[in-house]
J.: 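This structure is in structure tokens; I'll ask about it shortly.
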Amino acid sequence: MSKMDDYYKKQLLDHQPADDGWNIPSDDLWNKAQPHFPKPKKKRRFLFLLFPIGIFLLIMAGYYLGKSTRTDSIATEPSYATSSNTLKNTTNTEKNIVEVSTESSKDLSSPPNQSFSNHTTNSNKTHSSTTPNGIKSTSSSKEKTAHIIDLESINSSLTDNQAVYKASNRTINKDLNNTSNYTTTHPPFLENRQTTSVVGALNYFSSSQKKNTRLTNVDKQIKQIQTLATLKTLTTKPLDIQDRALAQQDLSINIADNEKPTSRHLIHEVGTGSMLHLLTIVGEVENDANEEWQDEKIILKSYNNVNLNLHYNRYLSKKWNLSTGLYYHSMNFDLDGTIYDILSESNIDDFVSSNLSDRLNDGLTENRQSDDFMIELLDGETVNAGDTLKFGLDISLNLKTIQLPILINREWSWKRISFFVGAGASFDIQSWRQRSADIQLYRDDRLITKPYSEGETGPERRYTYGLIVQSGLNYKITDNLKFGVSGRVVFPDLITTGIEARFLYRL
Amino acid sequence: MLGDASAQRALYEEYRTRWYMTSLRYGKNKMEAEDIFQEALINIFNRLESYDHNKGAFTTWSTRVIINSAMTYLKKNSWANSMSGLENSYTVETEVVDIYDQLSAKELTLLVQKLPLGYRLVFNMYAIEGFTHKEIADQLEISVGTSKSQLFKARRELQKTLESQLTSSSHE
């Protein structure tokens with residue numbers, strides 16, 4: 001190596017920034033190059049986590065709401081009306097105590113006039129009550145509450161055949177083993193013929209207790225009362241037939257309640273619907289203007305779209321429900337226009353390749369001819385990494401998507417109309433099929449490829465997730481049938497966004 | 001690093017002078033050098049994933065990418081005329097009189113920029129980057145002899161330019 005070479009090397013490989021800045025590139029160069037750097041990779045891991053987290057949260061929300069609903073359902077049993085009974089139901093879901101009173105008519109020969117009232121009072125203090133009939137209930141409540149039966153007031157009269165029974169459901173401490181002192185004496189009502197009705201009420205409440213609390217001690221005490229009541233019933237005089245029927249009716253109501261302790265809110269709905277996709281409504285979508293390439297223009301048209309949705313809703317409470325189902329979409333797209341792209345090392349082989357491609361790493365240019373897509377360059381034309389090319393596209397695609405959604409919805413009702421909003425996620429299975437493709441490549445507005453056309457290819461399957469937000473209205477046509485309209489937005493692929501009309505049937 | 005704008009910027013800040021000076025040596029003027037530099041930046045950051053630290057230093061790799069970018073650029077723009085007629089040149093190695101001691105890096109860079117493309121490439125690759133004539137020949141798809149002759153001519157051209165500059169400055 002010559003002395004001159006050494007000197008040059010020494011001088012030119014000293015890369016210290018000069019004071020006058022001659023060897024420092026302007027920021028302009030960076031700013032121009034930077035947009036062509038690789039974009040941040042989508043945090044797919046996050047998305048993959050998002051779905052199970054979302055499911056978990058929904059389940060937890062469902063569990064919580066379901067739990068609170070069951071608690072509410074005890075306090076909000078619906079009223080039942082028969083032709084001969086006057087029933088009243090006063091509900092306050094905020095409160096924990098249920099008091100049930102049953103009153104029979106004075107005259108056994110006249111049609112019974114039975115009232116079934118249900119109202120609530122709130123208490124979480126120590127309770128001690130002694131009924132006029134001698135049933136004394138003392139309980140202490142410290143922190144958490146549960147329900148038990150307290151025969152607070154039962155009035156009966158053997159002479160006028162009038163009996164008033166009250167069963168109170170009071171809040172006491174869970175740890176009744178240690179704190180409650182529940183004593184009973186044989187009340188006069190046990191002589192009464194309507195004891196059966198009381199037993200029914202006890203059955204109802206005790207069953208609810210069993211299902212909703214674990215106060216075994218309370219259950220035992222209730223059992224004791226039931227046993228006493230039943231034994232006493234056997235010793236009483238025969239009931240009047242009509243009253244016996246009434247008592248049986250009351251009992252049957254309570255037994256029915258016992259079988260369905262989950263209340264009317266825990267209902268299920270199935271349904272079907274169809275969506276008008278946003279793209280169908282809009283007709284076509286054009287890309288935003290590109291400052292760098294002014295004549296870049298892509299028009300996306302969508303047509304002949306089909307959608308069928310199957311729905312399943314499970315109500316957790318009056319206002320909350322979980323919905324899932326299966327949504328099927330078949331959509332057709334036309335992609336028409338021109339886009340620009342700078343050919344990079346990574347994408348050059350996406351549409352053109354050659355046996356010389358390995359040499360691209362050495363930075364040497366070469367003639368590339370397409371193998372993968374058979375796009376043939378015109379004679380003498382070459383493409384290289386770094387080339388800015390204009391793509392003339394006319395591509396026709398078909399997309400079939402199956403969505404498996406899970407959403408949680410909140411409802412607000414007004415007369416027969418209910419308004420709802422919901423959010424959730426979906427697991428999407430997409431199948432893309434290319435129906436046809438015409439592609440031309442231009443450099444400096446000069447066509448560099450021979451005419452190229454492709455037929456049907458695919459399908460290419462893709463699995464993805466979507467986040468769903470929806471809102472809509474349901475109209476109650478009958479007690480069991482609803483018609484609804486809703487808007488659904490799906491992120492990040494807005495393709496399956498649209499407005500849906502559907503029918504729901506309450507099971 | 002991929003897609004992380006702040007990390008990209010940090011890397012750029014670290015190496016920009018080196019990269020830019022390399023680009024300056026391969027372009028025939030500042031404008032051409034900046035084009036090369038810009039394309040080189042795009043290539044470096046797009047190919048960053050392919051860099052393997054086990055195969056060599058990042059400096060070497062990135063310089064190589066710049067040289068390749070320069071080759072691509074020059075081949076596309078001014079290769080055809082400049083590289084023709086390089087064959088059948090004689091190969092001579094001579095010592096050039098050492099008259100460069102007083103020249104700054106900037107002035108030397110300007111001198112190199114004035115060299116014809118073929119001379120400039122071979123001189124840069126051989127004298128500065130340390131390629132062998134075989135490697136240069138492979139890269140530029142020329143013979144080893146041509147590479148040597150280009151180097152000789154480059155040195156002679158540099159000397160001639162410098163002498164004329166010194167002469168003109170001494171007359172002044």
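Below, read A as the first sequence line, B as the second, and so on, with proteins coming before strands; counting in each chain starts at 1. Note that these values count all heavy atoms, side chains included, but never hydrogens, waters or copies made by symmetry.
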J.: Does A/Glu460, at its CD atom, have more than 12 non-hydrogen atoms belonging to other residues, nucleotides or ligands within less than 6.0 Å?
T.: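 Atom CD in A/Glu460 is not packed in, count stays at 12 or less.
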J.: What part of A/Asp20 lies closer than 4.5 angstrom to a heavy atom of chain B: side chain, backbone, both or neither?
T.: side chain
J.: State the CD-CG distance between B/Gln38 and A/Asn31, to the nearest 0.5 angstrom.
T.: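 It comes to 10.0 Å.
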J.: Quick check against the 3.5 Å criterion: does B/Asn46 have a side-chain atom that pairs as donor or acceptor with the backbone of A/His36?
T.: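 Checking the backbone N and O of A/His36 against the side chain of B/Asn46, a donor-acceptor pair under 3.5 Å is found.
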J.: Heavy-atom distance under 4.5 Å between the side chains of A/Ile24 and B/Arg16, does that happen here?
T.: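 They are in side-chain contact.
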J.: Side chains of A/Trp22 and B/Leu24: closer than 4.5 Å at any heavy-atom pair?
T.: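 They are in contact (side-chain heavy atoms under 4.5 Å apart), so the answer is yes.
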J.: In this structure, is the centre-to-centre distance between the rings of A/Trp30 and B/Tyr15 below 6.0 Å?
T.: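 Ring-ring flag for B/Tyr15/A/Trp30: false, centres at least 6.0 Å apart.
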J.: How long is the straight-line distance from CZ of B/Phe37 back to CG of A/Leu29, given to the nearest 0.5 Å?
T.: 6.0 Å
J.: If I measure from the heavy atoms of chain A, does B/Arg25 come under 4.5 Å with its side chain, its backbone, both, or neither?
T.: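 Contact with chain A is through the side chain of B/Arg25 alone.
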J.: Determine the option with the most heavy-atom pairs under 4.5 angstrom with chain B, choosing from A/Ala18, A/Pro35, A/Ala33.
T.: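 Greatest number of close heavy-atom pairs with chain B: A/Ala33.
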J.: Within a radius of less than 6.0 Å around CG of A/Asp19, do more than 12 heavy atoms belonging to other residues, nucleotides or ligands occur?
T.: no
J.: Answer yes or no: is there an ion pair linking A/Lys32 with B/Asp35, defined by an N-O contact shorter than 4.0 Å?
T.: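 Looking at B/Asp35 together with A/Lys32, the answer is no, because their closest N to O distance does not fall below 4.0 Å.
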J.: Would you compute the distance between atom CG of B/Asn124 and atom NZ of A/Lys9 and round it to the nearest 0.5 angstrom?
T.: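 Reported value, rounded in 0.5 Å steps: 12.0 Å.
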J.: Give the intermediate values and the outcome of side chain to side chain contact (heavy atoms under 4.5 Å, CB included) for residues B/Leu48 and A/Phe37.
T.: CA-CA 10 Å; B/Leu48 212 50; A/Phe37 295 169; over 6 Å; no
J.: Hey, does A/Pro25 have a side-chain heavy atom less than 4.5 Å from the side chain of B/Tyr12?
T.: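 A side-chain contact under 4.5 Å exists here.
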